[in-house]
Amino acid sequence: MIAMECIKMRKKLLFTSLFLGVAFDILFWKKAPGISFIIFIVLCLAAGYLLLRAQNIRPARKSLFLLVPIIFFSVMTFVRSDPFTSFLNYALTLFTAAVLVMTYRSGLWILYGLSDYVANSFHLIGSMLSLGWAQITNTDPQQKISDGRKHKKSVWPIVRGLLLAFPALLVFTALFSSADQIFAQRLDDFLANLNPEKLTEIIFRGSYILIIAYFLVGIIRHGESRSQNKKLIGLDKPTVAPFLGFTEASIILGSVLLLFSAFVTIQFQYFFSGQANIVIEGFTYSEYARRGFGELVTVAVFSLILLQSLSVITKRESNKQEKIFSGLVVGLVLLVIIILASSFQRLFLYESAYGFSQLRTYSHVFMIWLGILLMAVVAIEILKHQRAFVNIALLVLMGFTASLNILNVDGFIARQNINRAVHGKELDASYLSTLTSDAVPTLAKAYSSLDLPLKIKDGVGAAIVCYEASKETDDSHVQSWQSFHFSDWNAARELDAVRDSLKRYQIQEDDWPTVVISPNGTEYSCHNFLFFD
């Protein structure tokens with residue numbers, strides 16, 4: 001009886017994985033990403049849960065918390081269009097789903113360190129490569145249950161049967177074709193459809209369906225049999241034994257601390273003094289800011305790496321050494337936060353001079369979350385809980401990504417640049433036209449506003465017309481239901497409200513780049529040639 005149940009579960013697993021492989025093909029083959037990603041993620045979660053529940057395997061309560069980021073970030077792939085935010089949404093969805101599989105039964109992800117994530121990721125990859133084959137060939141030692149009889153099945157009888165049937169089918173097909181012209185015509189039509197291109201596509205699609213199904217078998221089996229491992233790496237004994245002397249580490253931290261202190265002193269003397277202009281070797285204040293904020297963010301990131309590395313490899317043999325080391329870390333972190341504040345101010349200054357762009361907006365949000373991570377470093381150093389750093393860093397990454405989703409980066413950029421133009425700055429309509437559909441509702445509402453100055457409204461309208469022109473020349477705008485995207489749908493809905501008034505704009509597509517002529521005769525290029533950093 002137990003053996004029969006085991007065979008049934010094996011067949012269910014193989015059938016479900018094959019179904020998911022076919023679903024992947026239906027959802028993604030020659031389709032632009034859209035609602036299809038959410039559907040596939042939900043199908044995989046539901047299928048895995050039901051298969052394991054049928055074997056009385058329930059997820060650990062702590063593992064269920066991972067469903068929150070999985071669902072949130074997968075939904076946001078359907079809501080936001082800007083490339084970087086979308087990439088983070090896809091990456092975090094897949095990563096948290098992998099962590100759910102790795103700790104499905106144990107729920108120990110909350111205690112994982114870097115070594116645990118690395119080791120268990122390799123274990124999951126190993127399961128994807130090996131457990132699928134074991135399941136298909138029925139050689140999995142964890143599911144081989146003997147009831148006193150030897151069950152051995154081979155695929156070779158099936159292969160021999162097919163080979164023997166082929167000549168008979170060939171002969172009978174030839175006879176039927178000779179006897180009936182309609183049958184012969186249908187056979188010719190069928191063979192005509194098997195042209196090399198279609199046959200190659202069928203073979204390719206069939207192959208990746210089987211590969212995806214194979215990997216999914218291994219993933220589900222990993223959640224069943226290998227996710228209950230409660231052994232944590234480096235909990236009792238550090239993965240890397242401290243080898244750097246306290247004196248050496250103190251000299252490194254102390255010297256860096258002195259250098260940072262000198263830099264911060266100069267910042268308070270000059271940059272934070274509120275002077276209207278600084279000229280150093282020919283650089284204006286805005287150019288000074290432009291050259292500075294990227295380097296200072298890099299300094300902050302490298303400082304974080306230095307602190308974590310020294311925390312792992314430094315020997316601290318007494319309570320006094322622990323306190324001195326922690327004091328140096330706290331002091332350095334405080335200085336780095338001040339440096340981040342300087343970088344933040346430089347970026348504000350740069351944006352006021354040149355406007356907002358995607359990279360500048362990412363940098364703004366990133367610096368806030370980097371500051372939060374640095375404060376968390378102070379907390380875990382005081383509490384002596386360095387193992388928590390990786391999970392805190394992951395939470396910060398999730399917070400950063402969630403902030404980009406909530407902010408709507410492209411909509412924010414459009415709104416800020418229009419506001420700058422209202423206050424006397426130049427509006428770069430060409431750059432606005434290169435933003436994604438996330439910005440279109442903001443542009444459409446601004447264009448419809450009665451309070452917007454005519455010159456700025458002229459540029460906003462040109463940006464919308466350029467956006468639509470780029471969509472019309474892009475083949476991807478013709479989408480199936482699998483590619484349905486909320487951002488595109490919302491943009492189209494907002495455009496419908498202003499489309500009639502935009503008919504006064506003329507598009508010149510004969511020459512490259514495309515040029516839009518506004519009702520007052522101003523020409524706007526639909527291509528932005530500047531690199532926005």
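We number each residue from 1, following the sequence as shown.
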Looking at side-chain heavy atoms only, is the closest gap between [X] and [Y] below 4.5 Å?
X: I338; Y: L334; answer: no
X: L129; Y: F215; answer: yes
X: R420; Y: E426; answer: no
X: V336; Y: V299; answer: no
X: L432; Y: L427; answer: yes
X: V329; Y: S311; answer: no
X: F412; Y: F356; answer: yes
X: L20; Y: I212; answer: no

Would you say the side-chain atoms of [X] pair up with the backbone N or O of [Y], donor to acceptor, closer than 3.5 Å?
X: H485; Y: T77; value: yes
X: S255; Y: I252; value: yes
X: R105; Y: I57; value: no
X: S86; Y: R80; value: yes
X: S448; Y: K445; value: no
X: T434; Y: Y431; value: yes
X: S483; Y: A32; value: yes
X: Q321; Y: E317; value: yes

V79 and N490: CA distance, side-chain angles, deciding distance, side-chain contact (heavy atoms from CB on, under 4.5 Å) verdict: CA-CA 9 Å; V79 174; N490 193 35; over 6 Å; no
Among side-chain atoms of [X] and [Y], is any donor-acceptor pair under 3.5 angstrom?
X: N120; Y: Y112; answer: yes
X: D428; Y: Y354; answer: no
X: S403; Y: W369; answer: yes
X: R221; Y: S127; answer: no
X: S326; Y: E381; answer: yes
X: Q358; Y: D82; answer: no

So L394 and V99, side-chain contact (heavy atoms from CB on, under 4.5 Å) or not? Walk me through it. CA-CA 12 Å; L394 288 173; V99 176; over 6 Å; no
Taking all atoms of both residues into account, what is the closest heavy-atom pair of [X] and [Y], and its distance?
X: L495; Y: I464; answer: CD2-CG2, 3.2 Å
X: L52; Y: I220; answer: CD2-O, 4.1 Å
X: A402; Y: F72; answer: CB-CE2, 3.9 Å
X: K62; Y: W109; answer: O-NE1, 2.9 Å

Restricting to pairs with a member in residues 87-103, which pass side-chain hydrogen bond (donor to acceptor under 3.5 Å, both in side chains), not counting sequence neighbours?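 As it turns out, the side-chain hydrogen bond (donor to acceptor under 3.5 Å, both in side chains) pairs with a partner in residues 87-103, which skip direct neighbours, are N89-N405.
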The criterion is side chain to side chain donor-acceptor pair (under 3.5 Å); which residues satisfy it with S487, sequence neighbours excluded?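 Expected list: S81, S437, D438.
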Taking atom [atom1] of [X] and atom [atom2] of [Y], what is their separation to the nearest 0.5 Å?
X: S303; Y: L340; atom1: OG; atom2: CG; result: 9.0 Å
X: N391; Y: M398; atom1: CG; atom2: CE; result: 8.5 Å
X: L397; Y: L373; atom1: CG; atom2: CG; result: 10.0 Å
X: I125; Y: H222; atom1: CD1; atom2: NE2; result: 10.5 Å
X: L45; Y: F40; atom1: CG; atom2: CZ; result: 10.0 Å

Evaluate H364 against F348 for ring pair (Phe, Tyr, Trp, His ring centres under 6.0 Å), listing each step before the verdict. CA-CA 9 Å; H364 254 316; F348 265 126; 4.5 Å; yes
N-O pairing of E351 and R360 below 4.0 Å: no
Using 30° and 60° as the class limits, which term best fits the ring planes of [X] and [Y]: parallel, tilted or perpendicular?
X: Y117; Y: F95; value: tilted
X: Y208; Y: F24; value: perpendicular
X: F400; Y: F366; value: perpendicular
X: F84; Y: Y362; value: tilted

Check the pair R226 / L131 against side-chain contact (heavy atoms from CB on, under 4.5 Å), numbers first and verdict last. CA-CA 11 Å; R226 298 184 179 180; L131 290 185; 3.5 Å; yes
Please test D116 against R387 for salt bridge (charged side-chain N to carboxylate O under 4.0 Å, His left out), starting from the C-alpha separation and ending with a verdict. CA-CA 10 Å; D116 296 292; R387 185 181 183 85; 2.4 Å; yes
Just jot down the ring pair (Phe, Tyr, Trp, His ring centres under 6.0 Å) partners of F246, sequence neighbours excluded, or say none.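 Applying ring pair (Phe, Tyr, Trp, His ring centres under 6.0 Å) to F246 gives none.
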Residue pair F37, L94: steps toward the side-chain contact (heavy atoms from CB on, under 4.5 Å) verdict: CA-CA 11 Å; F37 184 75; L94 296 175; 4.2 Å; yes
